[in-house]
Every structure is written in C-alpha cells, then in structure tokens.
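Just so we're clear, the structure is a prediction, and the values are computed from it rather than from any experiment. Every heavy atom of this structure was used, including side-chain atoms; hydrogens, water molecules and symmetry mates were not. First the proteins, then the strands, lettered A, B, ... as listed; each starts at 1.
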Amino acid sequence: MGDYDSNTIEPKWQRFWEERQFFHAPKTGPKPKLYLLEMLPYPSGDLHMGHMRNYTIGDAVARYQRARGMNVFHPIGWDAFGLPAENAAIKNKVHPRQWTLNNIARMKAQLRRFGFSYDWSSEISTCEPEFYRWNQWFFLQMFKRGLAYRKKSRVNWCPQCQTVLANEQVVEGCCWRHEETPVEQRELEQWFLKITDYAEELLADLDKLAGRWPERILTMQRNWIGKSVGARVRWALPQSDKFIETFTTRIDTIYGAVALLLAPEYPLVDELIAAVPGHATIRREVEKMRQQSQRAQALAQTEKEGIFTGRFALHPFTGEKVPIWVSNFVLMEYGTGAVQAVPAHDERDFEFCHKYRLPIPIVVQPVDDKPLTDASLREAFTGYGRLVNSGPYTGLTSAQALEKMTDDLAQQGKAERTVFYRIKDWGISRQRYWGTPIPIIYCDACGTVPVPEDQLPVVLPLDVEITGTGGSPLLNVPSFVNAPCPKCGGPGRRETDTMDTFVDSSWYFYRYLSPHEDKAPFDTETVKRFFPIDLYIGGAEHAVLHLIYCRFWTKVMRDLGLVKLDEPVTRLFNQGMVIKDGAKMSKSRGNVVSTDEMIEKYGADTARLFTLFAAPPSKDMEWTQAGVEGCERFLQRIFRLVAKHAPRLRQHKVSPSGEVTANERLLLRKAHQTCRRVTHDFETRWHFNTSIAAIMELVNQLYLLEPLEQSVSAKVLDEVLGMTVLLFSPFAPHMAEELWERLGRTSSVAETPWPGYDAELAREEEYEIVIQVNGRVRSRLRVSEDLTEQELLEQAHADQRVAALLNGQRIARTVVVPKKLINIVLVQ
RNA sequence: GCUGGAGUGGCGGAACUGGCAGACGCGCCGGACUCAAAAUCCGGUGGGGCUCACCCCCCGUGAGGGUUCGACUCCCUCCUCCAGCACCA
C-alpha cells in the first residue's frame, strides 16, 4: 500500500501551489480583505523553531480564512540590516551584504519547504536601496517638521573595540566581547526622533486596543511610556537668584520634606559645593557617585548613599532652610534631576533619611486606619490620607491638597502643573556600517543640511573594510564622506552614522503592498484598501520597542497626510516560546532542534501538526521527539485509510440512496460535530490542539468501524472522508491536497471552500443525562432529545438506584439542567 | 517590590456560560497478526478500597477557607513557578 513520503509529496504540492499562484492576493476585487501578518524575520542564517511556530500558526489561519472566502494578504520579508551581519564580517571575512543575502536565500528555501502560503510577489528586504530610500525620505519629512533633531547624548563606548555599543551589548557594565573591559560613557552628537511628542496619544490609544491586544503588552507599553502627573516646584536658594526645581507627584507631602536631593550629575552641583568649606571631600564623594551611577545603573538595588552639600534651599511654603544633599538614587534622566525627600511618605526617602539620621515628620495621616505616631512608624506611609502639620493645609485630604497647593504655588510663580513621561526620544543614530545612511550633509558654511529628496537614496557604499574598531567603517570611505553641500555647493561631509534597524520595521508592512513603488513609500490607494492589519502574530519579545515604534510611525504618517489611521494593527497575537528539556531553545543551551532535520526526517506537515497539537498557540510548547512521532503516526493513519478506500469510492461515486445505516449516521454525525468544533476553534479561540484532537477522534471512529465497506456506503464514506480532509487542511496542507486528489476531486484544497456543518446533524440525538442526589452522581440515563423537564424527572424517579436512595426521604428541591443533569436535593 | 500569566495523571495537555475531571496524544501494560521481531490493528491505564462477577464505594485539579443543590471553573487569604519592569519621585 505504501506510506506517505513527505519528501516527494510535499515538494510536489508546493510546486503546484506556486505555479498556480494560489496565494497571491489580488489588490482589487470583490472579496473582503484580510491582512494577516507575521513579524518579519531577521536573516540570522537558519529558520529556527520559534520562526516555524510563528509561521505555522499564521499559515493555519491564512488557509482557513482563504477557505472562508477572504482575500487573504499574507506577505513575508527580511529585516536585513543589523549588527550580526557586521560581526560575521569581522569574524568570517565576508561582506555583510553577502552574508545577509546568503542567509536570506537559505532561509527562503527553508520557508518554501514548509509550504507556507505566502504571497511571494510582495517579498521585501530592508537592506535594498529601493526599500531604505524611504527610511531616508521619512527621516527628511520628520526633519522638516522638527520631529528629527540632533543633540549630544551619552552612548556606551568600549575603549577596546573603539566603538559604540548598543545597550544590549553591555553585559554587567562591560563589553560583551571584552568581558574585562568596563564600558565608558561618551557624549556624542546623535539623531533623535521626537516620539515624546506622541507620548500622550500613544498612551491614550492603548485603550482602543484593549481586548484586541494582549493585556500584558498593553501594560508593558503603559509602563514604558510611564506617565506621571504632578508638579514642578521651585526652591529658591538664599542670597542667590539661582533655584532648584523638583518634580513631585505628591506635593501634598511637601511639609514633610526634610531635604532636597540632587542627582550626582545635576548641573548646579559643582557650583553649589565650590564655596563650601571642606568641598574637596564633598567633591570626591560626588565624583564617586557619578562614576557609580554610570556603571551600575542597571544593577539597581545598590545601597543608598548621599552627602550633604553644606548648602540650603528655601521651602516654598514655609521659607525654612532645607538642606541640599547629593544622592546616588536620584536619576538625572527622570523629572528634573532633583527631588524633595519626604521620609515619612516615600519608601526610598525613608530608607535614606533613616540611614543619615534625618528627621521623619509625619504630615499625612491615613483616613481609615490607626493614626501614625513617630514611635510606631516603621516604614513609610505612601497612601493618600488627610494632612497634618501642614500649615494652612492641615485638615485637607491629599486629593484636595494636591490641587490647592499646586494652585497656590503656581500663583506665586513657584510651581507648575507638569506631566512627565518615562519614555524618551528615540535615539536612532548607530555608529555602524550595516544600516540605512542618515541623509544629512554637514557644511561649514550652511551647517546641517538635509539631502534633497530627489537625491535619494543615499546609497550605502559596498566597498568598505570592516574591522570592528575605530567607529563607523563609513568614516574611512572618502567617496562617501565627501559630498558637496546641497545648499551652497561647497565641500561638505556626510553623516556617517546609520539608522537603528527598528526604523525599518516601523513601517515595513506598508511596503509589502507595493514593494517596488518608486514614487512614494507605498501606494496610497492599496494601503487604504488593505489597512489596518487585521492580525499580527509574533513573539512577546517585541512588546515595547517594535510595537511602540510602529504605532508612533503610523501616527506620524497620519499627520503627514499619508494614511488615515491612528493604529496600524487591529489585533495582536503573541505566540508562546518553544521549549525543550525545560528551557527555551537556544544555541547556548544546546537544546536546539533544527528545522532542516525535522523536514528531512518527518516532513513539513508532521512538524506543523505537532507544533499546533502540542499546546495552544498562546502558551509555551514543549518540543518532544515522541510527540512528533505521534503526529507522524496520525498522518500515516489517515493516509492509509484514504489510500485503502479511495479506489472503491472513485468507482462508485454515486451509490444508491437507500436507508441510512446506523454506522453511517454515526459517522456523519461525528464528522459534522468535528466540523463544528474545528470551526469554533478558528472563530473564537485558536486552540488548534483541540481541533486536531477532534479530527483524531473522527479518524479513530472510522478505524473502529472497519471494515467500512460492510456497513458504510461509498457515498457516505466519500462525504465523511472529504470533510475530514478539508478540516485538517489548515494544519497539514500537503497531506490534504494529496488525499483530496486520491479521493478523485478535480479541484485543489487551496481553492475549496470551508465545509459547513449541519447543525441538526451535529446535535446529539440521544444523550446521557446524569442523575445526582445531593450533588453526587448516582446514576445515568440514556434519553432522547425531545423530553420535557417533567418527563425527564419521571424517568429519573423511575430509575432503580435512584428510587432506592429516595426511599422514605423527603425531597427539598430538584434542579434540572436540560441535556445535562438532574440533581435531587434531599432534606438533611 | 510592581505588573502580566500559570499551577490538573508518569509527561504534553482537555473540560465552551458553575453541571459525568483527565478528551486527544506520548509513555507504559496486555491481546491479535508473525517462526520471531518491527510495523500495524484492538483493549487497558489518576490514587485507594472491595467475596476484582470491571459491580460498587471513597479520595482526587498548588494550600486553606467561603458562596452554591453542585466549584478545575466564582470570591477571600496564602504558597510556588515563568515572563516583563525595576530606586520613575
């Protein structure tokens, strides 16, 4: 009979689909569109299981939705710029472009071998000038509107490599390649995009996504944006026109402020301590904290330290002198770099003031708890309450005080309502080669000059030497660096930094719709027709960066008049990780299963089936060899069944319609029930493991009725097998096509509509009803569907076992859940 | 610490709105086929008990309480694990 040989059959159907372009989505037409997207892969070299899982989930949905009559747009492309290409160049002496293209070719072949239903005609690669010129174009639009700007900023610098490191390349304060070398901070001129202009909208619009994006992602984005509403408070310095501004969300506690704390990097610090006796010691301490805060920022939980500057500021309400300290736990990057220390009502301040023996006055009392006393105060009370010891504000609630105190100070010009965001402007400069050149020319006469749009793209030169030291390799390419100033024509110098690769992925999904458009980043009409993205599938590792940048980009595009959308992605789905031996698959752990090996040994369908069967897509899944083999067995099982019966079915396509046998009815019902379950799983919850389980049950049922030819007519068997094949086609598409053909169908599964189910048939005709007495199962009854509640009860009482239990007892009540159970409650 | 998620057999996981806990698969045990083995097909498989005629009874979804005729499911308290953020004023 022969078994299913994936390595001959699967490529056959892959060619078949491709030749007929089944998965090409027409850009116009009557069918409703569905834009289904998976996060584009970085061409790292090999398709790994994480990719495979992501695309398998997407492909199942794509195939289902096509069968439901949707015009499914399902593209794929390559996130082709990035650091690994440069590292490979240094290590293996290959050009980053060559390395990248090789990897793309390799991974593309792997994707094709899995038979994913992509529209290959819309494939893009972000490292091609035809793509990245539009990064440059967007940059220029933003520059024109002041959304792209340049400022000095700190970067991580490895003195060994002589180059800038990304945050991710700093491992415990040291360079990832020189683990002994501490990373230094350098001030460099960097380009930034003003994402902070959109902070409020990015935050507010998260509410629109509620219920359609995972709650976890929304929360992470809210935290990332980190909005705090509060006040900027001005503290005057005695005998000086200088002042210090603090930011606080708790101005109601300001009467409890016992000190002002400054970040070590606070600009005024040096000036403040200059004239103070003993300033040498103070300076040394401050210097130490500065060093420490640069290096150990990430390590958090370092011991709080501080030093009194010897200077005082004047309390804005009382005018009292408040000592100014410098402390290591105050961040220059957040707020104003200066804070009020209110030990009684802030945990950090409590810890700090306790350590340095500063007073801890209570100024807020809890409303519905025991009042605090100095003696009983073991930790800060950070809740809201009612004010005490707060001058004229004593007696107000925190909420009232927040308003009134801010207003009062504001009137005297000493405070201002302020909102601070944790999110900072997006630094996009990378001192790297393999990225989009920033289209700017510096001219001694004209300053910073944007490259005119008609001169785009600024092409990344290919003739460079990449050594991994000495800053951007582009610096050593005179033909690139030296460029005439577009304004005055005089000698100019090109920006040699390239853009963060997250720029590419912020808008790539628009480009898919018109990948070769050369007058604009995309065709507006097509985008109007296909956007927003209906479904975006990918891992949660991009919860903040990519998924916030792409939202930002769309809002900018909207404000540029390019699109009419606020949000690019309607629904987001995060798949879980692939786990092996209890840990995430990774090279460093050595628990990787290669996709090539899977294909070779089991084929695409088995790998795909197992991926969906092992766990629901949203959860982590454990990869096991035995589980894969189980799925292979199932595929062989269904293959053998069809192979055995198909010849007979083809001969007697139409058989005499007579009485339906019991087995036929059983099979038909099971088939329609399975259809209901699978359809339900696709429509509501994406638990394909249960869909596949249902299909397995159906196949098991078919086996149990063997030999089928004895009790099941060709007609019924043909219908049941046909339905079975269609139902598992989203999960094992090659097998489905093969069996479909063997069943004598002339069409392709890929163009066959999803089967509907007969709700009447899918219903149980006979069902078992559970009889409980006092909530405990006592008996079961097989009854037919159309009994009334009364008749059910009569049957229950007629049951021997139940009658025995009820004998002589008084019944308190009876609960009847139609079709499920009867519970007779006895009087205790 | 905060936020999000999860704790169910030997394992992965089912159980839709509170209604037969353990679907389906793996593993294991047994049977059929075979000279034999593999493959395949069929049956069994949470724990404990019983004059085990497979009839029946008890226990059982991280722990403890609650609501309910009835709780894996709802409420409260706690524990453990995973992920993300982490001195954000």
Side-chain angles (χ1 to χ4, degrees), chain A residues 1 3 214-220 222-224 226-228 230 246-250 253 261 293 297-302 304 327-331 333-342 345-349 351-352 382 420-423 540-541 543-544 576-577 579 582 584 609-610 613-616 618-631 633-634 636-637 640 677 680-681 684-685 687 689-697 699-700 703-704 706 768-777 779-780 801 812-817 819-826 828:
Chain A
M1 196 168 299
D3 275 358
E215 194 52 43
R216 175 169 59 130
I217 305 290
L218 299 179
T219 307
M220 282 166 79
R222 282 194 191 99
N223 292 342
W224 184 261
K227 180 181 181 177
S228 306
T246 58
F247 173 69
T248 179
T249 55
R250 293 299 302 273
T253 64
L261 307 179
S293 77
Q297 194 71 248
L299 294 174
Q301 294 312 6
T302 39
K304 287 184 180 40
S327 176
N328 65 345
F329 75 93
V330 180
L331 304 172
E333 298 83 33
Y334 189 78
T336 58
V339 299
Q340 56 179 27
V342 185
H345 306 291
D346 181 284
E347 283 166 25
R348 295 151 299 171
D349 297 344
E351 192 186 328
F352 183 81
T382 58
F420 264 104
Y421 297 94
R422 203 188 79 108
I423 192 171
E541 66 272 19
V544 278
M577 294 184 301
I579 304 288
K584 184 182 176 175
L609 193 70
F610 175 69
F613 181 62
S618 58
K619 288 204 198 168
D620 291 350
M621 64 163 287
E622 175 84 23
W623 193 272
T624 61
Q625 173 86 8
V628 175
E629 281 165 8
C631 286
R633 261 198 296 273
F634 169 70
Q636 297 290 9
R637 208 167 136 83
R640 273 195 300 270
R677 285 173 68 179
H680 179 261
D681 280 338
T684 65
R685 55 177 199 171
H687 282 196
N689 53 333
T690 56
S691 308
I692 294 166
I695 297 167
M696 286 174 170
E697 282 184 54
V699 172
N700 288 347
Y703 265 88
L704 285 176
E706 282 278 42
E768 212 178 41
I769 192 155
V770 175
I771 307 178
Q772 302 180 341
V773 176
N774 281 351
R776 187 151 294 194
V777 178
S779 189
R780 282 158 201 182
R801 302 195 45 217
R813 60 196 276 213
T814 309
V815 182
V816 179
V817 181
K819 289 192 160 197
K820 290 228 170 101
L821 63 86
I822 297 167
N823 188 14
I824 300 164
V825 185
L826 301 176
Q828 293 298 319

What pairs with Ala812(A) under side-chain contact (heavy atoms from CB on, under 4.5 Å), at least two apart in sequence or on another chain? Val825(A), Val827(A)
Partner set under side-chain contact (heavy atoms from CB on, under 4.5 Å) for Val342(A), not counting sequence neighbours: Thr253(A), Ala257(A), Gln340(A), His345(A), Asp349(A)
Mind checking salt bridge (Lys or Arg N to Asp or Glu O under 4.0 Å) for Glu622(A) and listing every partner two or more places apart, or none if nothing turns up? none
Please answer whether the main-chain N or O of Thr382(A) pairs with a side-chain N or O of Arg250(A) as donor and acceptor at a distance below 3.5 Å. yes
Protein and nucleotides 68-71 of chain B: nitrogen or oxygen contacts under 3.5 angstrom:
residue, atom, partner, partner atom, Å
C69(B), OP1, Arg813(A), NH1, 2.7
C69(B), O2, Asn823(A), ND2, 2.0

Polar pairs (N or O, both sides) under 3.5 Å between protein and nucleotides 12-14 of chain B?
residue, atom, partner, partner atom, Å
G12(B), O2', Ala614(A), O, 2.8
G13(B), O3', Asn689(A), ND2, 3.2
A14(B), OP1, Asn689(A), ND2, 3.1
A14(B), O5', Asn689(A), ND2, 3.3

Is any side-chain heavy atom of Met696(A) less than 4.5 Å from a side-chain heavy atom of Phe613(A)? yes
What string of B, S and - do you get for nucleotides 38-44 of chain B, 5' to 3', if B is base contact, S is sugar-phosphate-only contact and - is no contact with any protein heavy atom under 4.0 Å? --SSSS-
Check salt bridge (Lys or Arg N to Asp or Glu O under 4.0 Å) between Arg677(A) and all other residues, then give those that pass, not counting sequence neighbours. Glu697(A)
Any residue meeting ring-ring contact (aromatic ring centres under 6.0 Å, His included) with Phe247(A), in chain and number order, not counting sequence neighbours: Phe420(A)
Distances under 3.5 Å only, N/O to N/O: pair up the protein atoms with those of nucleotides 57-62 of chain B.
residue, atom, partner, partner atom, Å
C57(B), OP1, Arg801(A), NH2, 3.1
C58(B), OP1, Arg776(A), NH1, 3.1

For RNA chain B, the dot-bracket pattern of Watson-Crick and G-U pairs whose distances stay under 3.5 Å, | for other-strand partners: (((((((..(((......[....)))((((((.......))))))((((......))))..(((((..]....))))))))))))....
By salt bridge (Lys or Arg N to Asp or Glu O under 4.0 Å), which residues pair with Glu215(A), not counting sequence neighbours? Arg222(A)
Under the rule for salt bridge (Lys or Arg N to Asp or Glu O under 4.0 Å), what residues qualify as partners of Glu541(A), not counting sequence neighbours? none
